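Nothing here was measured: the structure is a model prediction, and the numbers come from that model. Reminder, nothing fancy here: chain letters follow the sequence lines and each chain counts from 1.
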There are 2 protein chains.
Amino acid sequence: MNIGTASDKSGLPPKTIRYYEDIGLLKPGRAENGYRDYSMSDVHKLRFLQRSRGLGFSVEECRQLLALYEDKERASADVKAIAQSKLGEIERKILELRELQHTLQHLVAHCHGDQRPDCPILETISGRN
Amino acid sequence: MNIGTASDKSGLPPKTIRYYEDIGLLKPGRAENGYRDYSMSDVHKLRFLQRSRGLGFSVEECRQLLALYEDKERASADVKAIAQSKLGEIERKILELRELQHTLQHLVAHCHGDQRPDCPILETISGRN
DNA sequence: GTAATCTTTCCAGTGAGTGGAAGGTCAAGG
DNA sequence: CCTTGACCTTCCACTCACTGGAAAGATTAC
């Protein structure tokens with residue numbers, strides 16, 4: 001199938017699919033006319049990439065995951081290690097996000113919402129101390 | 001203080017601090033010798049940038065967030081509106097991350113982490129379950 | 001006094017795409 | 001058969017938010 005169909009089936013834009021080929025993630029066949037020709041197996045890999053990128057894995061991590069996916073003798077310990085390190089990152093991000101949420105909530109709570117320019121929280125945070 | 005100290009205190013690399021100056025996020029003073037000279041107020045802004053960037057806000061969004069601290073002449077109603085819209089974004093980000101966290105936690109919990117070839121993480125990513 | 005460690009500027013490269021031009025191909029309608 | 005429009009191809013440039021490195025000047029430590 002052509003790249004457009006593969007794009008529809010995988011959820012990845014054609015540009016991205018070509019980019020993934022550029023960086024060696026998958027090599028589809030070529031039709032007589034020079035068009036890329038995607039097999040169902042290629043589409044499965046594209047979907048795999050689409051999902052794992054969406055889970056926050058970097059392209060390099062996706063390359064590793066894809067290799068493990070393709071390798072029937074893979075060790076699931078490798079996959080687990082990658083996923084666990086991602087979990088650590090996610091947790092840190094959530095904690096930081098909550099901190100920022102707190103800061104902004106204070107800001108909003110103490111903001112009069114009228115035309116007066118004074119805002120005690122702004123003054124504090126902008127480093128008067 | 002010099003850029004190195006500001007870097008230590010803010011957690012941002014000197015390169016990034018200079019970049020933020022380049023794109024007009026903050027303009028430190030200059031010492032006699034031409035070195036950038038950071039005040040505590042500058043350091044607070046840098047720390048704020050460090051946090052908000054780490055949470056997925058774009059530099060343009062950070063510019064707006066920073067304006068909440070800097071622009072004391074702004075009608076506080078505007079300040080409040082911007083802060084509240086950012087709060088909405090933060091909440092959505094937290095929810096998204098929690099979903100991702102749940103998915104990955106579930107997958108890690110069911111992954112044996114041994115040499116057996118079946119791995120629920122890969123199976124899920126590849127979309128057959 | 002000299003070596004190590006800043007700091008400065010500028011230029012180039014990264015990751016992960018995205019946009020657009022110039023041209024080749026294909027299926028449908030008149 | 002011809003044209004139109006939707007595809008497809010390559011290539012080059014651009015994005016964003018940095019990051020690395022070179023060359024040169026300033027400061028600090030022994």
Side-chain angles (χ1 to χ4, degrees), chain A residues 1-39 42-43 45-67 82 85-86 89 93 96-97 100, chain B residues 1-39 42-43 45-67 89 93 100 125:
Chain A
M1 79 191 72
N2 285 347
I3 198 169
T5 314
S7 168
D8 291 344
K9 282 187 194 291
S10 68
L12 288 169
K15 279 276 187 188
T16 302
I17 297 177
R18 288 191 200 101
Y19 171 69
Y20 286 169
E21 184 178 347
D22 262 24
I23 62 171
L25 282 184
L26 56 3
K27 316 120 206 92
R30 292 282 176 149
E32 286 289 300
N33 56 12
Y35 287 16
R36 284 167 182 83
D37 185 19
Y38 294 88
S39 66
D42 290 329
V43 170
K45 287 177 201 168
L46 287 173
R47 281 200 65 81
F48 183 94
L49 288 169
Q50 194 267 329
R51 284 170 207 239
S52 46
R53 286 288 298 125
L55 284 173
F57 294 101
S58 76
V59 164
E60 272 327 294
E61 286 168 329
C62 289
R63 194 193 299 277
Q64 290 175 50
L65 288 172
L66 196 58
I82 295 174
S85 110
K86 276 294 143 193
E89 277 174 45
K93 263 179 206 291
E96 282 179 53
L97 211 40
L100 185 64
Chain B
M1 81 190 72
N2 284 348
I3 199 170
T5 315
S7 168
D8 290 345
K9 282 187 196 290
S10 69
L12 288 169
K15 279 277 187 188
T16 302
I17 297 178
R18 287 192 202 100
Y19 171 69
Y20 285 169
E21 184 178 346
D22 261 25
I23 62 173
L25 282 185
L26 55 7
K27 313 125 206 90
R30 291 282 176 151
E32 286 289 301
N33 55 14
Y35 285 16
R36 287 167 182 83
D37 185 19
Y38 295 87
S39 66
D42 290 329
V43 169
K45 289 177 199 165
L46 288 172
R47 258 225 287 272
F48 184 82
L49 288 170
Q50 192 270 326
R51 265 187 291 143
S52 45
R53 281 295 298 130
L55 303 170
F57 287 102
S58 74
V59 165
E60 275 325 296
E61 287 169 327
C62 289
R63 197 190 298 276
Q64 287 178 47
L65 287 170
L66 201 55
E89 278 175 44
K93 268 181 209 293
L100 187 56
I125 295 176

Whole-Å distance separating the CZ atom of R63(B) from the C1' atom of dC16(D): 13 Å
Euclidean distance, atom CG of residue D8(B) to atom P of dT5(C) [Å, nearest integer]: 15 Å
Shortest non-hydrogen contact between L49(B) and Y20(B), atoms and distance: CD1-CD1, 3.8 Å
Distance in angstrom units between L49(B) CG and dA17(D) P, rounded: 12 Å
Whole-Å gap separating P (dT19(D)) and CG (L12(B)): 9 Å
Where L46(B) and A6(B) come nearest, the two heavy atoms and their spacing: CD1-CB, 4.2 Å
Earlier contact from the 5' end, DNA chain D, for N33(B) and Y35(A): Y35(A)
Minimum heavy-atom distance between D37(A) and M1(A), given as atom pair plus value: OD1-N, 2.6 Å
Shortest non-hydrogen contact from S7(A) toward P14(A): OG-CD, 3.4 Å
Between dT7(C) (P) and N2(B) (CG): distance, integer Å: 5 Å
R36(A) side chain near dT10(D) phosphate (N/O to OP1/OP2, under 4.0 Å): yes
Sugar-phosphate only, base, or nothing, as touched by I23(A) at under 4.0 Å among non-hydrogen atoms: nothing
Residue pair S10(A) / R47(A): nearest heavy atoms and the distance that separates them: CA-CG, 3.7 Å
L25(B) CG to dC18(D) C1', straight-line distance once rounded to whole Å: 13 Å
Value in whole Å for how far the C1' atom of dT8(C) lies from CD of E32(B): 16 Å
Phosphate-side-chain proximity, R30(B) and dA26(D), N/O vs OP1/OP2 below 4.0 Å: no
Side-chain (R63(B)) to main-chain (I23(B)) donor-acceptor, under 3.5 angstrom: yes
Rounded interatomic separation in angstrom, taking CD1 from I17(B) and C1' from dT19(D): 14 Å
Under 4.0 Å protein heavy-atom contacts per nucleotide of nucleotides 10-17 of chain C, with B for base, S for backbone only and - for none: B-----BB
Check: E61(B) and S52(B) side chains under 4.5 Å, non-hydrogen atoms: no
